[in-house]
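Encoded as C-alpha cells, the structure appears first; notes follow it.
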Amino acid sequence: MSDHETSIRPLEPRQSLRETVTERLRAAIISGEMSEGEMYSAPGLAAQLGVSATPVREAMVDLSAEGMVESVKNRGYRVTVVSDAELDELAQLRAMIEAPAVRQVAEAGPLAEPVQRELAGHADDIVTAARAGDLTGYLGADRAFHALLLEQFGNRQLVHLATALRSRTRMYGLRNLADEQLVASALEHQQLLDLIQAGEPAAAEDLLRRHIGHARGLWAGTAAAPTGADAANG
C-alpha cells in the first residue's frame, strides 16, 4: 500500500510525543489534509512526521476513540467519512449545548482571575497561530479554550460531549482561508471572553452561536468571513 503524501510538517518536541502526534494528526484530519476514506499506515505517517511508528500507533488509538479514524487489519488506518448532513447536525448540537452554557457562565459574573488569565492566553495563542498560518496550533488552542470555558459551567459530562462533537467536526476550507478571514475568526475568542467579563450573557451567547456557524459555514467555504460589522458586533 502506498501512502498519500501530505504536507504534514516534522514535529518539534514539546508535550509528550504521543500527545504531540495526536494533536498534529487530529489537525490534519479536521482540516482535510488527510483525506476522508483514505488509508494511511503508521510507518508512512511516522516517516513524514520524523518519529518512530510507535507514537503514531498510540495516537491512532486516541483518534479511533474519538471516531476520527478506524483501524483496518493488516492495512492501516482509514479516515472516517462525515457527510454534510452530519456536519450540519454536529454544528446544531454544539450550538444547542454550548451557547446556553456560556450564557450561564456569563450570568454567574466575571471569571476568577486565574481562569480568565488562562483563557486569555489560549485566545492569544489562537490569534497568534492564525496570523502565522499554523493550523495545528490554531486548532489545539481553540480546543483548549472552549474546553476550559465550558468547564466553568460545572458539568463535566457537557464538557466531554462538546469536546467529542468538536473532534468529529471537519473544516475542509480551513487551509484555504485568506489570512484576514482566519484572524477575524480567531479574534472572536477574545471578543467572547470580553463579553463574559463585562457581564453581557445575551451577547456572549449570540456571539458563540455565530462563531459555531462560522466554523460550519465559513470554513466549509459556504459563508462570508466574520469581518466588518459582524466581527465588530462580537
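Sequential numbering from 1 along the given sequence is applied to the chain's residues.
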Practice item. Mind checking salt bridge (Lys or Arg N to Asp or Glu O under 4.0 Å) for D124 and listing every partner two or more places apart, or none if nothing turns up? Key: none
According to side chain to side chain donor-acceptor pair (under 3.5 Å), who are the partners of [X], at least two apart in sequence or on a separate chain?
{"X": "T80", "answer": "R170"}
{"X": "E151", "answer": "none"}
{"X": "R131", "answer": "none"}
{"X": "R57", "answer": "none"}

With sequence neighbours excluded, what pairs up with [X] under the side chain to side chain contact (heavy atoms under 4.5 Å, CB included) test?
{"X": "D194", "value": "none"}
{"X": "E113", "value": "R117"}
{"X": "S71", "value": "Y77"}
{"X": "T54", "value": "S52, E58"}

Exercise for review: May I ask you to check whether H211 and H189 place their ring centres under 6.0 Å from each other?
Suggested key: yes
Practice item. Could you note down all residue pairs passing salt bridge (charged side-chain N to carboxylate O under 4.0 Å, His left out) where residues 43-53 supplies at least one of them, sequence neighbours left out? Key: none
**Study point:** All pairs passing salt bridge (charged side-chain N to carboxylate O under 4.0 Å, His left out) where residues 95-104 contributes a residue, at least two apart
**Key:** R94-E98, E98-R166, R103-E107, R103-E205
Extract all donor-acceptor atom pairs below 3.5 Å that involve side chains of residues 84-91 and protein atoms in other chains or at least two apart in sequence.
| unit_1 | atom_1 | unit_2 | atom_2 | d |
| --- | --- | --- | --- | --- |
| E86 | OE1 | S83 | N | 2.8 |
| E86 | OE1 | S83 | OG | 3.3 |
| D88 | OD1 | R216 | NE | 2.8 |
| D88 | OD1 | R216 | NH2 | 3.3 |

Review point. So how far is it from M60 CE to Y40 OH, rounded to the nearest 0.5 Å?
Key: 9.0 Å
